[in-house]
Amino acid sequence: MNDASDHGSGNAHKNFIEIEIEKDFASKQELVGRTVYTRFPPEPNGYLHIGHAKSICLNFGLAKTYGGHCNLRFDDTNPTKESEEYVNSIKTDVNWLGFQWDKLLYASDYFEQLHDWACQLIREGIAFVCDLNADEMREHRGTLTQPGRNSPYRDRSIEENLDLFARMKKGEFPDGAKTLRAKIDMASPNLNLRDPVLYRIMHAHHHRTGDAWCIYPMYDWAHGQSDSIEGITHSICTLEFEDHRPLYDWFCKTLRIYHPRQMEFARMNLTYTVMSKRKLLQLVQENHVSGWDDPRMPTISGLRRRGYTPESLRMFCERIGVARFSSTIDVVVLEGSVRDHLNTIAPRFMAVLDPIKVVLTNYPEGQTEWMDAVNNPEDPSGGSRQIPFTRELYIEREDFMETPPSKFFRLKPAGEVRLRYGYVIQCNEVVKDAEGNILELRCTFDPTTKSGSPTAIERKVKGTIHWVSASESAEVEVRLYDRLFLSENPEDAPAGKTFLDNINPNSIRVVRAKVEPEVAKQLPGAKVQFERNGYFCADVVDSKPGVPVYNRIVSLKDAWARMTTRDNKA
RNA sequence: UGGGGCGUGGUGUAAUGGUAGCACAACAGACUCUGACUCUGUUUGUUAAGGUUCGAGUCCUUACGCCCCAGCCA
């Protein structure tokens, strides 16, 4: 029945939702002959983020695991906040993540049915039209510790309620003048049960139903019934809706309709970022980032543009698991997931981000050798390419040290290092300007050490560094991204400060990199590894034909950097 | 402080009342023409105190800590 192979590496442990689902199907009469049916129900009021990815993977994953179905349903009950733009971005993101919905639906598909059910409640004497305004209603609601008081309009006759509700629907009253409420219990310790509002008046244009309605159902009145109509077996949502479950159950029971089971799991928190739609919107609107798809954003579209793959995001969701404990995931788990996937698929190239010139004094001027380079050592079918080797080259500035520590096995005065896919070279002279800045390194190469030649094998040097030809290379813009925030929990700001004060001022650094010719030919969206640097993606927005702009997705693990920063701290 | 949840190594997540496991991270070593990858190994844990039991992460009691709820948002 279940497919454990979809649970990533290692032993697959069932999460609590899977365990409950299996119990339900084994024991519940109403589920006999049925299959798992879930839904992903976003409100189209913003872009999806990595937290939604968890819910998407869970809902669609459950359907897949158990051979069932999952709908994409837009919870579009509040027209003032929703738009087509968001609907489209959400559809794109779900598909991009690799999931296909069974049906594409909207809560607004059910407005008529929801309205009829409201009339049914009125006729049965358990819903009433209330004239209290927002302030008065709050005042009648009581507090966490004090019970509420009944609305003075609670005992209107059924006829009057029917008439008033009909006139609400017809548009006879202004926004906020009246609401339709359920009669439950104003003294309930669960605030959601203190005569909840079912309908409010909003003379607003809806992105799908236009101006057909001026009353709109509340979330609680729409959600469970929508699930019921669709035959959802398990309605999975986040923990903050736990207190709404009694209402969900009350509506299904009171209306005597098919009753799905709501289950809640903990939403994800990620270190060094914010996740609430309000804060993400603020970052966009106040131009702290370039948009919802800024490569530093935790949105699906931002991660996609940064260069994250659907596989890596799914792997991430698999690794973090599902439970009822409000956890905070270390962002390195996300970074590790994309490294693991890209390691298997990304072609390797050489790129020098911070160049320093090397002149091989014993190499013929004007000569170009084409060196054979493996495209991806993890992928035998990846083949190889030729890269030009010349007298003048660039290497990474940090790959040379004049007075290096003992464990430094890159280039140093009088020291030897191998140029990847090239020769072993030795540094003979450091040329500096008047201020002592290094201008170039004058080195000699050993012709017997050419990569791939039999004589090269006998020669062992500790270090291998990357390089590009000075004359036969291209130059591209590279955006080196870092975390958007400086603190693990950006919301945790001192008094008088906000999460915005925790923004990392150096979250993007732009450099001109020297790259081997192939790098300049990559198409937008291409994901590559710059050897010894990291994984990079040709930006889909700012790259132009023949002129790619690269985003750093994530750096490679760097044992040397770790070693040196640790020593500095000690 | 009313109600509802939740506490397992650094971070997550498992364990019909029966050897506390797995992943990620970290560390050490091997390998390496990427200080990557891979491989091998190691360290670190049941919030606390009582109780039931031959035996408790699991059951009971009490404490402590954290999260959610007072929208005509979802």
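Of the listed nucleotides (B/G12, B/U13, B/G35), B/G35 has the atom at the smallest distance from the side chain of A/D558. When each of B/U34, B/A25, B/U13 is scored by its nearest atom to the side-chain atoms of A/F325, the top-ranked nucleotide is B/U13.
A salt bridge (Lys or Arg N to Asp or Glu O under 4.0 Å) with A/E335 is found for one member of A/R319, A/R483, A/K557 and no other, namely A/R483.
Interface remark: the A/R319 side chain does not form any donor-acceptor pair with the B/U13 base, using a distance-only criterion of under 3.5 Å. A donor-acceptor contact under 3.5 Å is formed by the side chain of A/Q529 with the base of B/U34. With hydrogens and angles left out, the side chain of A/R562 and the base of B/G35 share no donor-acceptor pair within 3.5 Å.
Counting only residues at least two apart or on different chains, the ring-ring contact (aromatic ring centres under 6.0 Å, His included) pairs with a member in residues 449-469 of chain A are A/F389-A/W467. Applying the salt bridge (Lys or Arg N to Asp or Glu O under 4.0 Å) test to residues at least two apart or on different chains, the pairs with a partner in residues 454-464 of chain A are A/E416-A/R459, A/D446-A/R459.
Per the geometry, CD belonging to A/E22 stands 15 Å off C1' belonging to B/U16, to the nearest Å. Atom CG in A/L556 sits about 4 Å away from atom C1' in B/A36, given to the nearest Å.
Counting heavy atoms from C-beta on, the side chains of A/L121 and A/W117 never come closer than 4.5 Å. A/I425 places a side-chain heavy atom less than 4.5 Å from the side chain of A/V417.
Between A/H207 and A/Y86, the ring centre distance reaches or exceeds 6.0 Å. The aromatic ring centres of A/Y47 and A/H52 sit 6.0 Å or more apart.
As judged by a 4.0 angstrom heavy-atom cut-off over every strand, A/G463 is placed among residues making no nucleic acid contact. Residue contacts for A/R339: at a heavy-atom cut-off of 4.0 Å it reaches no nucleic acid atom on any strand shown. In this structure, A/K277 reaches neither bases nor backbone, as no heavy-atom distance under 4.0 Å exists between it and the strands shown. Among the atoms of the strands shown, only primed sugar atoms or phosphate atoms (P, OP1, OP2) are found under 4.0 Å from some heavy atom of A/V322.
Atoms CE and CG, from A/M186 and A/L193 in turn, are 11.0 Å apart once rounded to the nearest 0.5 Å.
A search for ring-ring contact (aromatic ring centres under 6.0 Å, His included) contacts involving A/F530 returns A/F536, A/Y550, not counting sequence neighbours. In this view, A/A456 and A/R418, A/S453 satisfy the side-chain contact (heavy atoms from CB on, under 4.5 Å) rule, not counting sequence neighbours. Residues satisfying the side chain to side chain donor-acceptor pair (under 3.5 Å) test with A/E43, not counting sequence neighbours, are A/N45. Considering only residues two or more places apart in sequence or on other chains, A/A177 meets the side-chain contact (heavy atoms from CB on, under 4.5 Å) condition with A/F173, A/P174. Residues that satisfy the ring-ring contact (aromatic ring centres under 6.0 Å, His included) test with A/H244, not counting sequence neighbours, are A/F241. Every side-chain contact (heavy atoms from CB on, under 4.5 Å) that A/D135 has, sequence neighbours left out, goes to A/N133, A/R138.
Along RNA chain B, the nucleotide nearest A/E242 and the nucleotide nearest A/L419 are compared for position; the residue whose nucleotide lies closer to the 5' end is A/E242.
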Every protein N/O lying under 3.5 Å from an N/O of nucleotides 40-43 of chain B:
none

Filtered N/O pairs between nucleotides 44-47 of chain B and protein, under 3.5 Å:
none

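Considering only side-chain N and O atoms, A/K14 lies nowhere under 4.0 angstrom from the phosphate OP1 or OP2 of B/A14.
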Using Watson-Crick or G-U wobble pairs with both distances under 3.5 Å, give me RNA chain B in dot-bracket, 5' to 3', with [ ] for crossers and | for pairs to another strand. .((((((..((((....[..)))).(((((.......)))))....(((((..]....))))))))))).....
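B/G10 shows a glycosidic angle more than 90° from 0 and is accordingly assigned anti.
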Quick one, give me the B/S/- string for nucleotides 69-74 of chain B, reading 5' to 3', where B means a protein heavy atom under 4.0 Å from the base and S means that only happens at the primed atoms, P, OP1 or OP2. BBSBSB
